[in-house]
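Heads up, the thing below is written out as structure tokens.
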Amino acid sequence: MTTETTNRMDLVFRKLKAEEQTALIPFLTVGDPDLETTLAIIAELELAGADILELGVPYSDPLADGPVIQRASARALRGEVHLRTCMETALKARQAGSELPFILFSYYNPILQMGLDTFFAELNAHEISGLIIPDLPVEESEEMRRRSSEVGVNLIPLVAPTSSERIAKIVSGASGFIYCVSSLGVTGERSTFHADVEAFIDSVRQATDLPVAVGFGISTGEQVARFAQICDGVVVGSAIVRKIEDVIPLLDNPVTRNEGLLQIREFVAQFKRP
């Protein structure tokens, strides 16, 4: 992995901090509705102002994902999209000119099935900047942290409002940024968040020098603006995946495909604060 790839995410956060801006971090499910369209959507997200991109690996039993992302995974799995496919998609996007740092969001089982040696060699070859494994607890993450460090990939932990006394332990081996979960339960659009979410985020900030991002349930420009006041990054997932789902009929028709892509770009652009 090149130094440029290794430092791509750090450079984004440093640049935005100097400009007093917050990173917009969209999430999409790779292969939803198909791989060619995913590449087109990545280009649209970059045009919309995305700073970092989470690439979700479709999985048949996504414990942390709500119904919107579950449906997206089901559509992608019907197209036989798998872990290696997702990494290949990231490299194709890079070769097409994308400058975004890519984060691979995968459950642990597909990684284990690929084999850790192969998996980390592939991360290295496909210019992945970060890795999120939502079902890997910190107590079992030592090997993944060591291997990630060896290839220069940021292993990004999820920290929940219930983590309390475990926060310091979770963030101690992290790199890239800390992902704060704004609400308990699975992903999905929400109108309210955990009652003490601001205090929770502040406690995480006190435990680390890394950038802090927040996600799970953020679905409006107003919510992004709220969290941008106290975080270095905001993750928007289900709302974008739902928008993609809504415009699939447009994307599937060559006559209206560009209109569908434009609608996705305009939808995501509303989350980018000036």
Side-chain angles (χ1 to χ4, degrees), residues 9-10 12-14 16-17 22-27 51-57 59 62-66 69 101-108 111 128-149 153-190 192-219 223-224 226-239:
M9 191 182 305
D10 293 337
V12 166
F13 277 114
R14 269 187 257 148
L16 292 172
K17 183 176 182 179
T22 304
L24 173 60
I25 310 174
F27 169 98
D51 298 296
I52 300 169
L53 181 60
E54 284 187 32
L55 299 173
V57 178
Y59 188 53
L63 301 178
D65 294 327
I69 296 177
F102 296 128
I103 299 170
L104 199 66
F105 186 107
S106 175
Y107 290 88
Y108 188 61
I111 296 171
I128 305 296
S129 296
L131 178 63
I132 296 174
I133 309 173
D135 59 343
L136 181 67
V138 63
E139 290 81 6
E140 300 173 21
S141 67
E142 181 178 351
E143 183 174 11
M144 296 300 288
R145 283 188 279 116
R146 176 180 61 80
R147 286 177 176 264
S148 296
S149 178
V153 173
N154 294 306
L155 184 60
I156 300 158
L158 295 174
V159 185
T162 53
S163 297
S164 55
E165 71 278 359
R166 297 175 69 243
I167 289 176
K169 183 175 184 179
I170 292 171
V171 305
S172 63
S175 61
F177 66 91
I178 308 300
Y179 189 142
C180 289
V181 176
S182 66
S183 307
L184 302 179
V186 298
T187 61
E189 300 156 86
R190 290 180 172 86
T192 60
F193 300 94
H194 190 273
D196 298 321
V197 65
E198 281 87 359
F200 158 60
I201 291 171
D202 183 61
S203 67
V204 174
R205 277 198 170 283
Q206 293 181 32
T208 182
D209 293 327
L210 290 174
V212 173
V214 64
F216 274 54
I218 298 172
S219 58
Q223 291 170 350
V224 169
R226 170 187 174 183
F227 287 109
Q229 301 298 316
I230 56 174
C231 291
D232 304 291
V234 180
V235 181
V236 183
S238 293

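The structure displayed is predicted, hence computed values, not measured ones.
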- Task: Flag the pair Phe105 / Pro134 as yes when at least one side-chain heavy-atom distance between them is below 4.5 Å, and no otherwise.
- Result: yes

- Nearest non-hydrogen partners of Val159 and Ile170, listed with the distance: CG2-CG2, 3.6 Å

- Side-chain touch Asp232/Leu16, heavy atoms, less than 4.5 angstrom: no

- Message: If you define the side chain from C-beta out and look only at heavy atoms, does anything of Ile167 sit under 4.5 Å from Phe200?
- Response: yes

What pairs of donor and acceptor atoms, side-chain ones from residues 171-181 against any protein atom, are under 3.5 angstrom apart with sequence neighbours left out?
residue	atom	partner	partner atom	Å
Ser172	OG	Lys169	O	2.8
Ser175	OG	Asn154	OD1	3.3
Ser175	OG	Leu155	N	3.1

- Task: Kindly give the heavy-atom pair with the smallest separation between Val236 and Ile218, and that separation in Å.
- Result: CG1-O, 3.5 Å

- Message: To the closest 0.5 Å, what do you measure between CG (Asp135) and OH (Tyr108)?
- Response: 9.5 Å

- Item | Contacts of Asp202 that satisfy side-chain contact (heavy atoms from CB on, under 4.5 Å) - sequence neighbours left out | Gln206

- Item | Under 3.5 Å: donor-acceptor pair, side chain of Gln223, backbone of Ser219 | yes

- Kindly say whether Met144 contributes a backbone atom to a donor-acceptor pair with the side chain of Ser148 at under 3.5 angstrom? yes

- Residue pair Met9 / Ile156, side-chain heavy-atom distance below 4.5 Å: yes

- Nearest 0.5 Å, what's the CZ-SG distance between Arg226 and Cys231? 10.0 Å

- Message: If I compare all heavy atoms of Gly237 with all of Phe27, which pair ends up nearest, and what's the gap?
- Response: CA-CB, 3.7 Å

- Message: Looking at every heavy atom in both Leu53 and Pro26, which two are closest together, and how far apart are they?
- Response: CD1-O, 3.3 Å

- Message: Checking Gln229 against Glu198 for the side chain to side chain contact (heavy atoms under 4.5 Å, CB included) test, could you report, in this order, the C-alpha distance in whole Å, the side-chain angles of both residues, the deciding distance, and whether it holds?
- Response: CA-CA 10 Å; Gln229 301 298 316; Glu198 281 87 359; over 6 Å; no

- Kindly give the heavy-atom pair with the smallest separation between Thr22 and Ala228, and that separation in Å. OG1-O, 3.3 Å

- Item | Side-chain (Ser149) to main-chain (Arg146) donor-acceptor, under 3.5 angstrom | no

- Message: Looking at Glu139, I want to see if its CD is surrounded by more than 12 non-hydrogen atoms of other residues, nucleotides or ligands under 6.0 Å.
- Response: yes

- Trace of the side chain to side chain contact (heavy atoms under 4.5 Å, CB included) decision for Phe13 with Leu210: CA-CA 10 Å; Phe13 277 114; Leu210 290 174; over 6 Å; no

- Query: Which distance, rounded to the nearest 0.5 Å, do you find between the CZ of Arg145 and the CG of Leu136?
  - Reply: 9.0 Å

- Query: Taking side chain as C-beta onward, heavy atoms only, is Phe227 less than 4.5 Å from Val197?
  - Reply: yes

